[in-house]
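Just follow the structure's listing: the first ligand is 1, and inside any ligand the first atom is 1. Please read all numbers here as calculations on a predicted model, not as lab measurements. For reference, positions follow the sequence shown, starting with 1.
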Amino acid sequence: MLTGVSHDLRTILTRFKLQLALAGDSADLDNLNQDVEDMQSMLEGYLAFARGEAEEDVGQLKLSDLMNRLTLEGELHEKTVTTSVEGDDNIRVRPNAFTRLVANLASNAYRYANTVHIDAKHSSKWLTITVDDDGPGIPERSRDDVFKPFFRLDEARNLDSSGTGLGLAIALDIARSHGGNVTLSDSPMGGLRAMVRVPA
Ligand SMILES: Nc1ncnc2c1ncn2[C@@H]1O[C@H](COP(=O)(O)OP(=O)(O)OP(=O)(O)O)[C@@H](O)[C@H]1O
Ligand SMILES: [Mg+2]
């Protein structure tokens, strides 16, 4: 995914720059030139960071610490958050990457819903983390598309333009790199249920 995204974006950015260069150097274009420069350095920075995370070593992470962090984040957004943990509190994952994976799912719930429940179950075979919310959910027909980089549902664009549509693509990438998966379904709370499952 990273390779695909970086290639596509670099191609478009190169085209932008070429067209800007051809348009001459009127002062009107200075802002546009600066925006393209900023976009390029953001993209490079993001990719460097993501590549670094992919190379992170497996280590220990405490589920309770992860839950506390996600709860705080929700409270900052003035959302109602509850959590539950069942089984061994210590998990072996790539800590930064795995934290980002669950944080991406939680941040979606905080963006699109008001009440959120995050549940972790750690058995001898699987680690399952479920994020339930009471938001608008995602219609069944779009549940594959939302994992595609930069794909956002129209309502999301109207609601809040600050997202980029990368959160779920990154989450799936990280889950797969742990040998697991992310699935979406209807939540008993009325909104979306996003579930991560990785081998314990
Ligand atoms: N909990 C949710 N409830 C309703 N819609 C959701 C939820 N999570 C994701 N979506 C929909 O799926 C789209 C893709 O989600 P994703 O996390 O990939 O991107 P984003 O949240 O729009 O931006 P980013 O995560 O990059 O800031 C969202 O734009 C939104 O339309
Ligand atoms: Mg998101």
Answer yes if the side chains of T130 and D119 hold a donor-acceptor pair under 3.5 Å, and no otherwise. no
Distance-only side-chain donor-acceptor flag, S185 / R143, under 3.5 Å: no
Whether D88 and K62 form a salt bridge (side-chain N of Lys/Arg under 4.0 Å from carboxylate O of Asp/Glu) is what I want to check. no
Do R94 and S177 pass the side-chain hydrogen bond (donor to acceptor under 3.5 Å, both in side chains) test, and can you show the C-alpha distance, the side-chain angles, and the key distance before you say yes or no? CA-CA 10 Å; R94 293 204 305 279; S177 75; 2.8 Å; yes
For [X], atoms of ligand 1 separated by under 4.0 Å from a heavy atom:
X: R152; answer: 20 (P), 22 (O), 29 (O)
X: F151; answer: 13 (C), 14 (C)
X: V146; answer: 12 (O), 13 (C), 14 (C), 18 (O)

Between S107 and the Mg ion (ligand 2), is there a contact where an N/O/S atom of the residue lies under 2.8 Å from the metal? no
Please state whether [X] comes within less than 4.0 angstrom of ligand 1, counting heavy atoms only.
X: G191; result: no
X: F147; result: no
X: D133; result: yes

Within a strict 4.5 Å, meaning less than it, do heavy atoms of the I170 and L172 side chains meet? no
Do K79 side-chain atoms and A113 backbone N/O form a donor-acceptor pair below 3.5 Å? yes
Treating Y110 as the side-chain partner and L70 as the backbone partner, does any N or O pair qualify as donor plus acceptor under 3.5 Å? yes
Polar contact flag for [X] and ligand 1 (N/O pairs, less than 3.5 Å):
X: G165; value: yes
X: L166; value: yes
X: A169; value: no

Parallel, tilted or perpendicular: which describes the rings of F98 and H178, with under 30° parallel and over 60° perpendicular? perpendicular
Give the contacting part of L192 toward ligand 1: side chain, backbone, both or neither, where contact means a heavy-atom distance below 4.0 Å. side chain
Proximity to ligand 1 by part of L153, non-hydrogen separation under 4.0 Å: both
